[in-house]
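The basis for the numbers below is simple: all heavy atoms, side chains too, and nothing from hydrogens, waters or symmetry mates. Ligands are counted one by one from 1 in listed order, and the atoms in each one are counted from 1 as well.
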Amino acid sequence: QKKRKGKGESKAKMEKPQLYPQPLRSFHELADRHALASRIAINIRDHGYNTPTEVQMVALPLLMGRPDSYLPAATDADAQQTLIAGGADLLSVAPTGSGKTLAFMIPLISKIVQEKSEDEKTAPVTSAIVLAPTKELTSQIVNEGRKLANGTRIRITQLRKGMRLPFAETDLASGDTEQPAVKADIIVSTPGLLYSMLDDEENAKKTSLHGVRYLVLDEADVLLDPLFRDQTLRVWNRLSDPGLRVSLWSATMGSNIEELARSAIQARRQRLSAQHGD
Ligand code: ADP
Ligand code: MG
């Protein structure tokens, strides 16, 4: 953590409450401070992860939420609430090999485990979509995620051609199912494949992505470059949950990624409020 202490900085300014939770010093703190399910804690340990990497130290407390007891007093009540809920949108820039996959998979799995145990009987509805630019990356993410989710009821699926997306409730009720739909808590896909499924009119009508509350863009600089941008934004715009939380992960800050992310979040909010406001 870089601390900027300007020469002329006043005492009052230095004491200004910070909005970021303290960095995570060990994975044990996930259980103690963030109510991480013990099964996931065991999986982290069993796979030989001892010390969080830098990006994990900073991103995990932000995304896990529940930092109740150690959150520094913030002046802004809204910001406090967001941090307690782990509800911030996040753009994270960290070098290749720094462990970004774990940094987004642990909070996803943890939150979905918590949300599920509150209502065990509900059928699995897709809660999260993870996009990455290549098929190879999506399978790496699925492998890493399954290690972490081992022994939990969280299902993680790599989307493939020919699979069907989750049906809308009405179609389930009418038994209109030639092929079983993907039943996964977390779907991992390239934007092109998911977009082509949504783009198919028949599919689009039947598909329900209403339950999706988390969107992860891995290699976000690539997903938002001109080659992938349209497909990525099309998928993003199909997610209708007003509380959708987006996290973007990148090794570089290229291609105006922050600006694009902000305007995508903004545009989507405006569109949703227009829809709900008529
Ligand atoms: P990135 O996406 O930032 O390029 P990855 O998520 O692919 O990096 O992780 C790179 C490697 O580091 C993987 O083999 C992963 O298993 C390993 N790794 C991640 N976090 C840790 C950790 N806390 N301790 C040790 N190894 C880790
Ligand atoms: Mg990566």
**Within-4.5 Å side-chain heavy-atom neighbours: K147 and N143** = no
**Message:** For a 4.5 angstrom cut-off between non-hydrogen side-chain atoms, does M197 reach L159?
**Reply:** yes
**Complete:** Numbered in order shown, the ligand 1 atoms found under 4.0 Å of a heavy atom of L102 are 20 (N)
**Request:** Give the numbers and elements of all ligand 1 atoms closer than 4.0 Å to a heavy atom of S98.
**Result:** 1 (P), 3 (O), 8 (O)
**Request:** Determine whether the side chain, the backbone, both or neither of A94 has a heavy atom under 4.0 Å from any heavy atom of ligand 1.
**Result:** neither
**Prompt:** Is the shortest distance from a heavy atom of P95 to ligand 1 less than 4.0 Å?
**Reply:** yes
**Positive for salt bridge (charged side-chain N to carboxylate O under 4.0 Å, His left out) with D185, one of R155, R213, R153, K116** = K116
**Asked** Which residue owns the protein heavy atom closest to atom 5 (P) of ligand 1, what's the atom, and how far is it?
**Response** T101 OG1, 3.5 Å
**Request:** Look up atom OG1 in T138 and atom CG in L194, then write down how far apart they are to the nearest 0.5 Å.
**Result:** 11.5 Å
**For ligand 1, the portion of D218 having any non-hydrogen atom under 4.0 Å away** = neither
**Item:** Minimum-distance protein heavy atom relative to atom 20 (N) of ligand 1
**Value:** Q56 NE2, 2.8 Å
**Prompt:** Is F27 in contact with ligand 1, taking contact as a heavy-atom separation below 4.0 Å?
**Reply:** yes
**Prompt:** Can you list the atoms of ligand 1 that are under 4.0 Å from a heavy atom of T96?
**Reply:** 4 (O)
**Asked** Okay, side chain of K100, backbone of P95: is any donor-acceptor separation there less than 3.5 Å?
**Response** yes
**Reported OG1-to-CD1 distance for the pair T126 and I156, which is rounded to 0.5 angstrom** = 11.5 Å
**Message:** Please check this pair: side chain of Q158 against backbone of K135, looking for a donor-acceptor N/O pair closer than 3.5 Å.
**Reply:** yes
**Item:** Protein heavy atom at shortest distance from atom 16 (O) of ligand 1
**Value:** Y49 OH, 2.9 Å
**Request:** Give the numbers and elements of all ligand 1 atoms closer than 4.0 Å to a heavy atom of K100.
**Result:** 1 (P), 2 (O), 3 (O), 4 (O), 6 (O), 8 (O)
**Prompt:** Is there a protein heavy atom at a distance of less than 4.0 Å from atom 27 (C) of ligand 1?
**Reply:** yes
**Request:** Would you mind running through ligand 1 and noting each atom that sits below 4.0 Å from a heavy atom of T51?
**Result:** 22 (C), 23 (N), 24 (N)
**Asked** Do E144 and Q140 have a side chain donor and acceptor closer than 3.5 Å?
**Response** no
**Asked** ligand 1 versus F104, non-hydrogen atoms closer than 4.0 Å: side chain, backbone, both, neither?
**Response** neither
**Asked** How close does the nearest protein non-hydrogen atom get to atom 13 (C) of ligand 1, and which residue and atom is it?
**Response** E144 OE1, 4.7 Å
**Asked** Salt bridge or not for D89 and R269, using N-O below 4.0 Å?
**Response** yes
**Message:** Geometry only, no angles: is G99 polar-contacting ligand 1 at N/O separations under 3.5 Å?
**Reply:** yes
**Message:** Whether the side chain of S110 engages the backbone of P107 through a donor-acceptor N/O pair (distance < 3.5 Å, no angle test) should be reported.
**Reply:** no
**Complete:** When distances are taken from atom 4 (O) of ligand 1, the protein heavy atom at minimum range is G97 N, 2.6 Å
**Item:** Main-chain N/O of P191 paired with T232 side-chain donor or acceptor, under 3.5 Å
**Value:** no
